[in-house]
Structure formats: C-alpha cells, structure tokens
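Chain naming here is simple, since letters A, B, ... match the order of the sequence lines and numbering starts at 1 in each.
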Amino acid sequence: MPELPEVETTLRGITPHIVGQTVLELVLRTAKLRWPLDPHLRDILPGQKILSVERRAKYLLVHCDQGTLIIHLGMSGVLRVISADMTEQKHDHVDMIFTNGQALRFTDPRRFGMFIYTSEDPKKHKCLVNLGPEPLANDFTAKYLYQTSRLKKQAVKTFIMDQKNVVGVGNIYANEALFQAGIDPARSAGRIGLKRYEKLVVSIKTILKKAIVAGGTTISDFRQSDGRPGYFDQQLLVYGRDGEKCPNCDNSIKSTRLGQRSTYYCPHCQR
DNA sequence: ACGCTCTCCTGGCCGC
DNA sequence: TGCGGCCAGGAGAGCG
C-alpha cells in the first residue's frame, strides 16, 4: 500500500517522537512477517538510543547506537507512536517501548511488511543495494529515464514501478503520473522519447510532492502516524475510476492489467 | 540480462 | 447470512 508519500508521511510523523528516546523493551507478537521477526531483537535493542530516522525508497531506516532497524510497510503496514500501555489489537506485531512510556507500534494485517535489524551499513543490505534514484532528487531526470529505458520492451508503467529504475512509485502514483503525462501505460518504455520522459518526470515529482502535502493516500487502511487518514485520494484522477468520465475529455476511463496490477487510463488522452 | 508469473497474508466486497 | 471468488498502496524468488 504505502508508496513514497505514505512512507514519507510516516517518517515525519514518528521522527520527532522517537529520536533521542532510549529503548526499554521490545515486544514481538508475531513470528513471521515477510521474513521472520528475529527474537534476538528483544536482547539487542533495549538500552539503545534512537539517533535518527531516514527514508530510502519505501524503507524506513531507524538508526540506533549500534545498528539500524530496516522497516518496510508492505501493502498494509502502519507505524504509530502510542502510549506504551495502549491495549494491543489484532495485527499489532511489534511494540518498541521507550523509557519515556511511549512506544512505536507496527501494525500490518497482510504481513507483507518487514522489520529487521542490521549492525552493518543498511544501504548495503540486499534489499537496498540495487535501488534506483529517489524520484524527488536531482539525479532523477528525463535523460536518466530515457537512457535507462533504451531497448526495454516492458510497459512503461511496469518500468517506472520497478525499484531498480526509480524508487517509491507504486501502483497508484504510476497510474496518476502516466495520466498526467498523457502516456499510454502499456507503451514500451524503450519506445518513448526524451520529450515525453520530460513530461513524465515532472508529473511524477509533482504528484508525489502533492501527495506528501496531503498526508498520503488512504484507500482503505493507511493511516498517518497520528491515526488520521491521508487525503490525497480526493485528488486521484484515474486510479479506481474505471467507467467514470475522463477529467480532460468525454471518454470514459478504462481499466486493464499490467504486470498483475490494476491499471487505469484514458485511451483518448494517453498515447 | 530481461521480463514474466507466482507467492506471501488478511480482510472487504460482490454475487449467488 | 453464509460462502466462494476476487481484489487490494509490494516486491523477492524463480523460471524460461
């Protein structure tokens, strides 16, 4: 679920509450998320102080004295700072309790999320080492996308959702960005010219920035870390709108599937 | 190397 | 109201 704006929203929500705090105890209630939760976290983390939190792609890196937690929200994960005595509910898998009486709680119904610890450089972890550029950074340019996509036959939507090429763009924002750029999501990435990639890069950056301001998109279960939903769903122009009228013309929005993912587009406006 | 499927898991919704 | 089938913000693994 969470794409870059939702992860960024989470980062901004939790950071001021946990940086500087010292871990008192780790409560693990579920053995397995995407990968097994390491029971040694109960021994390793207590006593460590949270130094900083950063986002890389859709991963959150919680830097502690002696190592780093790598957290991914998967499709349905939520991180919240709560009072440590708040009763746990179904799907609350991890509580990281601090000495100040608060806790960072990880909730994830579908359990595609990830909550691991490394004492090595987290950027060298196999999940992070092959990631492409950050879409909001200066090195994410039309020239880069154009060069990277030469000879690629895969659909441009699949191409921009591949984290090797650019990170953070998930299914919702891929649909929206391609609509805004007027590009047919099924078109081969290698057959799109530099000019059109210029439009696409602008669309991706604009949409992600707007979504961050809105606190992300809540389709069903995403919550900002204070429990409020994200409000960007009110600005979605094509996602989930098949059969509705295109905002730009009189034709209706169609849906199809690309790479096993629902795809929404206007056949008239997107070429 | 590339690109396509399958897979992990729970819950909500729709149709019968 | 109950049940089966299908769908959902991701992405690693395995295959041809």
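- Distance check, rounded to the nearest 0.5 Å: CD of Glu176(A) to OG1 of Thr206(A) gives 12.5 Å.
- In this structure, Arg55(A) is not positioned above the aromatic face of Tyr59(A) in the sense of NZ or CZ being under 6.0 Å from the six-membered ring centre and within 45° of the axis.
- Relative orientation of the Phe106(A) and Phe115(A) rings is tilted, given thresholds of 30° and 60° on the angle between their planes.
- One atom, CG of Leu33(A), and another, C1' of dA11(C), lie 15 Å apart when rounded to the nearest Å.
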Please table the atom pairs, donor to acceptor, closer than 3.5 Å between any side-chain atom in residues 66-73 of chain A and protein atoms at least two apart or in another chain.
| from | atom 1 | to | atom 2 | distance (Å) |
| --- | --- | --- | --- | --- |
| Thr68(A) | OG1 | His63(A) | ND1 | 3.2 |
| His72(A) | ND1 | Gly74(A) | N | 2.8 |

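- In this structure, Arg261(A) CZ and Thr158(A) OG1 are separated by 10.0 Å, a value rounded to the nearest 0.5 Å.
- In this structure, the CG atom of Leu128(A) is 11 Å from the P atom of dA11(C), given to the nearest Å.
- Comment: Glu6(A) does not engage Lys58(A) in a salt bridge, judged by the lack of any side-chain N to carboxylate O separation of less than 4.0 angstrom.
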**Q.** Base-pair map of DNA chain C as dot-bracket, where | denotes pairing with a different strand and pairs are Watson-Crick or G-U under 3.5 Å
**A.** .|||||||.|||||||
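- Residue contacts for Tyr59(A): at a heavy-atom cut-off of 4.0 Å it reaches the sugar-phosphate backbone alone, with no base atom in range.
- Nucleotide dC4(B) holds its C1' atom 14 Å from the CZ atom of Arg257(A), rounded to whole Å.
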Are there any protein N/O atoms within less than 3.5 Å of an N/O atom in nucleotides 8-10 of chain B, and if so, which ones and at what distance?
| from | atom 1 | to | atom 2 | distance (Å) |
| --- | --- | --- | --- | --- |
| dC9(B) | O3' | Arg111(A) | NH2 | 3.1 |
| dC9(B) | O2 | Arg110(A) | NE | 3.1 |
| dT10(B) | OP1 | Arg111(A) | NH2 | 2.6 |
| dT10(B) | O4' | Pro109(A) | O | 3.3 |
| dT10(B) | O3' | His91(A) | NE2 | 3.0 |

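- To the nearest angstrom, P of dC2(B) lies 10 Å from CZ of Phe159(A).
- Summarising the geometry, the separation between CG on Leu73(A) and C1' on dA11(C) is reported as 14 Å, rounded to the nearest angstrom.
- Classification of Lys245(A) and Asp250(A) as a salt-bridged pair holds, one side-chain N sitting under 4.0 Å from a carboxylate O.
- Ring planes of Phe232(A) and Tyr173(A): tilted class, angle from 30 to 60°.
- A donor atom on one side chain and an acceptor atom on the other are not found under 3.5 Å apart for Asp184(A) and Gln270(A).
- Using a 4.0 Å cut-off between charged side-chain N and carboxylate O, Lys123(A) and Asp121(A) make no salt bridge.
- The side chain to side chain donor-acceptor pair (under 3.5 Å) test applied to Lys157(A) returns Asn171(A), Thr263(A), not counting sequence neighbours.
- As a whole-Å value, the separation of Leu4(A) CG from dA11(C) P is 11 Å.
- The distance from atom CG of Leu131(A) to atom C1' of dG12(C) is 12 Å, rounded to the nearest whole Å.
- With salt bridges taken as basic N to acidic carboxylate O contacts below 4.0 Å, none links Asp65(A) and Lys49(A).
- Taking CG from Asp85(A) and CD from Gln102(A), the interatomic distance works out to 10.5 Å, rounded to the nearest 0.5 Å.
- Distance check on atom P: dC9(B) versus dC3(C) gives 23 Å, rounded to whole Å.
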N/O to N/O distances under 3.5 Å, protein versus nucleotides 13-15 of chain B:
none

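- The nearest whole Å value for the distance from the CD atom in Gln260(A) to the P atom in dC6(B) is 6 Å.
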Contact list (N/O, under 3.5 angstrom) for nucleotides 13-16 of chain C vs protein:
| from | atom 1 | to | atom 2 | distance (Å) |
| --- | --- | --- | --- | --- |
| dA13(C) | OP1 | Lys126(A) | NZ | 3.3 |

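- Within the nucleic acid shown, Tyr173(A) has no heavy atom closer than 4.0 Å to any nucleic acid atom.
- Between dG10(C) and Lys58(A), a contact under 4.0 Å exists linking OP1 or OP2 to a side-chain N or O.
- Counted by atom type alone, Thr217(A) and Asp233(A) present zero donor-acceptor pairs between their side chains at under 3.5 Å.
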